[in-house]
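As the structure lists them, so they are numbered: ligands from 1, and atoms in each ligand from 1. If you read the sequence from its start, that first residue is 1, and numbering goes on from there. Below, all heavy atoms of this structure are taken into account, side chains as well, without hydrogens, waters or symmetry copies.
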Amino acid sequence: MEDSILSTTGLCYSYQSGPFALRDVTLEISRGRKIAFLGPNGAGKSTLFLHFNGILRPKAGEVRYDGAPLKYDQGSLAALRQDVAIVLQNPDDQIFSSTVEEDVAFGPMNLDLPREEVEERVAEALALTGMSELRERPTQQLSFGQRKRVAIAGALAMRPKVLVMDEPTAGLDGHMVGEIMELTDKLNGQGMTIVISTHDVDMAYSWADSVHVLNRGRLVFSGTPEGFFNCPREVNAVKLVQPTMYEVNRLVMASLNLPEHPHPKTSSELLAKMSRCSPGRLFVQQNGSRSEGVPKHATAGIYGPMHRAAAATGELNVEYSYNGLEGCLGEVMLGRDALLVLDPGLKGQVMKRLDRLAKVFGRQIEVLWV
Ligand code: ADP
């Protein structure tokens with residue numbers, strides 16, 4: 001059984017005299033995993049998240065962190081909020097200071113940390129969210145996407161063990177969605193537990209280690225994404241649709257009279273399942289200029305923000321500036337060589353994907369670290 005970092009037992013909650021927003025919710029959040037909450041609008045996801053760091057207090061039942069029931073005195077809540085940080089759906093509910101750096105410094109300042117450590121944390125959080133250059137900018141002058149980054153930076157400045165984000169990708173353009181999901185991969189690679197809510201079934205299917213599904217305040221499913229999406233009736237009952245890759249696999253396999261299992265979650269996994277050619281080689285490097293020894297014909301992809309700027313200025317010729325890991329794995333599955341340029345913190349996620357290709361789809365890829 002997995003080690004749980006957060007759990008709820010029989011959790012019930014209602015706002016004022018309204019109906020129950022959460023009813024008898026019992027669940028466990030596994031330590032160090034990526035977890036997605038799904039469910040229609042009004043299902044209770046935000047209400048549940050506000051219980052994870054004690055902003056709301058259960059009307060019945062309890063919430064546990066690290067095995068111990070939450071305590072609601074000021075000192076205990078302050079300690080909890082260092083470990084469990086929440087990013088609200090609307091950044092305007094979270095940003096109160098007049099400049100970016102002041103806002104990100106707000107949490108650490110309240111921990112009475114030495115000034116240098118507050119500075120260090122702010123710089124780290126701004127770098128992780130790509131906001132370093134805008135640190136002095138008035139928060140009023142930021143775009144929605146930039147305000148979202150500031151809200152995330154504020155949470156990261158607490159150096160939490162659990163990062164809870166309510167619909168982190170809603171309303172963002174494709175590149176920024178890619179950057180935020182990359183960031184979650186990086187933080188998760190450092191051991192952080194990441195909890196999100198989303199309506200994006202394609203992302204939840206490929207990103208999450210496990211999913212919890214809420215409907216009308218009740219928990220209706222906890223398990224793997226495949227386990228949930230394998231039940232079309234349940235998916236329909238909570239007003240969701242099947243992920244595109246789930247449907248493509250189902251229909252293509254039916255047309256070829258082949259088994260649906262194993263279920264590919266991405267296009268490279270679909271190719272791994274179907275392609276008959278032997279895979280190409282995956283070259284991996286962690287510096288920004290093309291290493292010697294990488295064949296000229298290798299298609300390059302970026303995974304992580306560190307080298308994206310070099311790619312944008314043309315110093316590094318890349319075909320996949322975003323979603324580079326998936327792009328490179330797709331090329332390799334077509335029998336071509338690919339070069340993945342990645343940030344050091346993302347190595348673990350690469351290994352996880354390669355491991356899945358080997359174990360689930362029987363495809364061993366030759367990896368050359370250059
Ligand atoms: P979700 O995040 O899944 O969309 P919510 O947790 O926001 O769901 O809402 C769950 C239920 O609680 C809904 O019926 C919603 O109308 C109600 N609710 C949410 N916030 C408040 C509030 N501040 N006051 C009263 N009712 C609320």
Could you walk me through whether Asp209 and Lys34 pass the salt bridge (charged side-chain N to carboxylate O under 4.0 Å, His left out) test, one step at a time?
-> CA-CA 5 Å; Asp209 296 314; Lys34 297 193 287 192; 5.7 Å; no
Looking at atom 20 (N) of ligand 1, what's its closest protein heavy atom, distance included?
-> Tyr15 CZ, 3.4 Å
Pair Glu62 + Arg64, salt bridge at N-O below 4.0 Å | yes
Just which atoms of ligand 1 are under 4.0 Å from any heavy atom in Lys45?
-> 1 (P), 2 (O), 3 (O), 4 (O), 6 (O), 8 (O)
Is Lys265 close enough and on-axis enough to Trp207, meaning under 6.0 Å and within 45°, for cation-pi?
-> no
Using a 4.5 Å cut-off on heavy atoms from C-beta on, say whether the side chain of Pro108 contacts that of Arg159.
-> no
Sub-3.5 Å N/O-N/O distance, Thr47 and ligand 1 | yes
Within the 4.0 Å heavy-atom cut-off, what Pro40 brings close to ligand 1 is backbone
N or O pair under 3.5 Å between Ala43 and ligand 1 | yes
Group every Ile, Leu, Val, Met, Phe, Trp and Tyr by side-chain heavy-atom contacts under 4.5 Å, then state whether Leu340 and Leu183 land in the same group.
-> no
Check ligand 1 against Asn41 and write out every atom of the ligand that is under 4.0 Å from a heavy-atom position of the residue.
-> 4 (O)
Can you pull out the closest protein heavy atom to atom 8 (O) of ligand 1? Residue, atom name and distance to 0.1 Å, please.
-> Gly44 N, 3.0 Å
Heavy-atom distance under 4.5 Å between the side chains of Phe37 and Leu27, does that happen here?
-> yes
Is it true that Arg308 and Glu182 make a salt bridge, defined as a side-chain N closer than 4.0 Å to a carboxylate O?
-> yes
How close does the nearest protein non-hydrogen atom get to atom 10 (C) of ligand 1, and which residue and atom is it?
-> Gly42 O, 3.4 Å
Specify whether the nearest protein heavy atom to atom 16 (O) of ligand 1 is under 4.0 angstrom away.
-> no
Would you check the N or O atoms of Ser46, main chain and side chain alike, for any that come under 3.5 Å of an N or O of ligand 1?
-> yes
Under 4.0 Å from any heavy atom of Ala21, which atoms of ligand 1 are there?
-> 11 (C), 12 (O)
Before accepting this row, confirm whether a basic side-chain N of the pair Glu269/Lys359 lies closer than 4.0 Å to the acidic partner's carboxylate O.
-> no
